[in-house]
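Below: the structure, in structure tokens.
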Amino acid sequence: KIQGLLLKEKLTEAEHLQILLFLENPLGVALEESSLKKFVLKLTEFEKILEAIEIIALKKRLLSAIKTYRNDWVQIFLQLLFTLESNQLRDIVMKELSSPEHSKELKARIKELLDHPKNSPEAFVWYFQKVLNNDAPYFTDIDSTYLFVEALLILFNHLDNKPNYRDLSKKVYNTFTGNRFQVVRDFLKGSSKDFAEEFLLLTSKCHGFSDHDKKILRSLVEVVHASLAKEKKPDDADLITIWTTKEGYNFVQERIKQIGTSEMVDVAKEIEVARGHGDLRENAEYKSALERRNRLQSEMKTLSDQFNNARIITKDDISTQCVGVGTKVQLLDSKGKKITYSILGPWDANPDLFILSFQSKLAQAMEGKEVGEKFNFKDEEFKVLQIVSYED
């Protein structure tokens, strides 16, 4: 019955091929005049044929037949590597090309992908995932990883507002932001300052990242390269992240709630009572109540703005390579006296406990310094003796 299908008129090339694949593989039928080998040797539009075949097992069988019957299968596979829609098929093609005798051609093809990610977006994202999972055959060193990250950010910006790449763009976004930006944390460790600056520049151009995402990305860079925080322009003031402990975060959250509920309600009642006392121009109680309301509104606005930029410090955020947020620093002053400061956010600062806000002048003076380095503050010289995590 299946052989009879070959006699039907107006069979498409893809339909004819699928019948042959089914006859030769599952049924083991050898056809002399219309053999699979003969048909495969005549094929030219491999990508189109593979796309027209819906059954993945038959797609795989065709790839196997191409490798078996075509002397030019390497060139065909090198072309298909970037044009195939299925990552599963890409894996098969790359595995076949990974043999020592063809590794040079495959490496050159992957280099094209790295240099021109916009030409094959799906293939680039596929290979980037392999780099992250340590499953890539080439360009797995740290410098190449940085190049892939930069290329992916350029591609991410390119995909913006392209409806046909919406799913792919979402996949790229999740790659960067997933698991609390874990991928970003990993490749920033040990990165150079030049790479960090380029990373910030590229992320700033990616409309796929929200303003909040960009603030987090900048803060992650500053943890590793604290000196970059000093180089921010005044226009970037709104990007400053308010680092805090969980206790500080909860305290401010409760404070905002307290102001917005009980305290604002109380002051509203005071104003109404004071209004009933007559002439408002000479009414001291009324003026006092208004001043209190203004102070509360100002405090609430400030805390709310900061709260929107707040981020709880975790162990992964703290680098002890140099002085920065979340570190505990032991200093030696010019008189030979040792003193230890913890550097946290403004909500956790407590001079009595030697806890400095990272925004304080002393903290900024020592920011970015490594063990053994010296700095001056208020005409006195200090030397950094030790840097540990404040959680230790």
Side-chain angles (χ1 to χ4, degrees), residues 180-181 200 203-204 209-223 226-275 284-314 317-318 323-328 341-368 377-378 390:
R180 297 179 63 252
F181 297 84
L200 287 177
T203 55
S204 69
F209 290 125
S210 66
D211 289 341
H212 184 62
D213 292 330
K214 292 175 183 178
K215 292 174 186 178
I216 293 177
L217 291 170
R218 173 171 280 280
S219 68
L220 291 175
V221 168
E222 291 173 1
V223 168
S227 60
L228 290 179
K230 298 179 181 179
E231 298 170 6
K232 289 188 294 185
K233 298 177 182 179
D235 293 342
D236 294 333
D238 60 326
L239 296 178
I240 295 176
T241 298
I242 300 297
W243 293 93
T244 182
T245 61
K246 187 175 182 180
E247 293 75 17
Y249 185 90
N250 291 337
F251 175 81
V252 172
Q253 189 176 43
E254 286 301 314
R255 178 59 185 155
I256 292 173
K257 183 193 253 185
Q258 182 183 11
I259 294 173
T261 54
S262 60
E263 294 196 24
M264 288 299 288
V265 171
D266 290 343
V267 77
K269 290 179 180 178
E270 290 178 15
I271 291 173
E272 286 305 311
V273 171
R275 283 180 185 274
E285 291 181 4
Y286 177 74
K287 290 181 179 179
S288 176
L290 285 181
E291 289 175 0
R292 185 184 170 210
R293 184 186 66 180
N294 292 339
R295 286 197 303 271
L296 287 174
Q297 288 176 336
S298 178
E299 181 183 0
M300 187 172 182
K301 184 180 184 310
T302 299
L303 291 179
S304 296
D305 290 343
Q306 291 179 343
F307 194 77
N308 289 333
N309 291 339
R311 186 148 178 265
I312 297 175
I313 304 170
T314 66
D317 295 318
I318 302 171
V323 179
V325 180
T327 59
K328 185 183 290 185
Y341 290 103
S342 292
I343 300 178
L344 298 175
W347 299 345
D348 302 282
N350 189 331
D352 294 335
L353 298 178
F354 298 97
I355 300 176
L356 302 176
S357 164
F358 69 89
Q359 297 173 331
S360 68
K361 291 183 179 180
L362 176 55
Q364 290 179 359
M366 69 175 87
E367 186 179 28
F377 180 72
K378 291 186 176 180
Y390 89 99

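- Residues Val223 and Trp243 meet the side-chain proximity criterion, which asks for heavy atoms closer than 4.5 Å.
- Using modelled atom types, one finds no donor on one side chain facing an acceptor on the other under 3.5 Å when comparing Asp305 with Thr302.
- The two residues Met300 and Gly260 have their closest heavy-atom pair at CE-CA, 3.9 Å.
- Listed here is the closest heavy atom pair of Lys214 and Ser204: NZ-O, 3.2 Å.
- Side-chain atoms of Arg218 and Lys215, non-hydrogen and from C-beta on, never get closer than 4.5 Å to each other.
- A pairwise comparison of heavy atoms in Val267 and Ala289 identifies CG2-O, 3.3 Å as the closest pair.
- For the side-chain contact (heavy atoms from CB on, under 4.5 Å) test, residues two or more places apart in sequence or in another chain that qualify with Asn250 are Lys246, Gln253.
- The aromatic rings of Phe307 and Trp347 lie parallel to each other, with less than 30° between the two planes, well short of the 60° mark.
- Note that CZ of Phe181 and CG of Leu220 are 7.0 Å apart. Values are rounded to the nearest 0.5 Å.
- Note that OG1 of Thr244 is 9.5 Å distant from OH of Tyr249, once rounded to the nearest 0.5 Å.
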Step-by-step salt bridge (Lys or Arg N to Asp or Glu O under 4.0 Å) determination, Glu270 to Arg293: CA-CA 10 Å; Glu270 290 178 15; Arg293 184 186 66 180; over 6 Å; no

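- Side-chain atoms of Ser304 never come within 3.5 Å of backbone atoms of Lys301 as a donor-acceptor pair (strictly under, hydrogens ignored).
- Nearest heavy-atom pair across Glu263 and Leu296 is OE1-CD2, 3.1 Å.
- The structure places OG of Ser357 at 7.5 Å from CD1 of Ile242, a figure rounded to the nearest 0.5 Å.
- Taking the side chain as every heavy atom from C-beta outward, Phe358 and Pro346 approach each other to under 4.5 Å.
- Taking the side chain as every heavy atom from C-beta outward, Glu299 and Arg255 approach each other to under 4.5 Å.
- Here the CZ-CZ distance, from Arg311 to Arg180, works out to 6.0 Å after rounding to the nearest 0.5 Å.
- Looking only at distances, no side-chain donor or acceptor of Asn294 sits under 3.5 Å from a matching main-chain atom of Glu291.
- The CE atom of Met264 sits 13.5 Å away from the NZ atom of Lys269 when rounded to the nearest 0.5 Å.
- The closest side-chain heavy-atom distance from Thr327 to Ile318 is below 4.5 Å.
- Put simply, CG on Leu356 and CG on Leu344 are 9.0 Å apart, with the number rounded to the nearest 0.5 Å.
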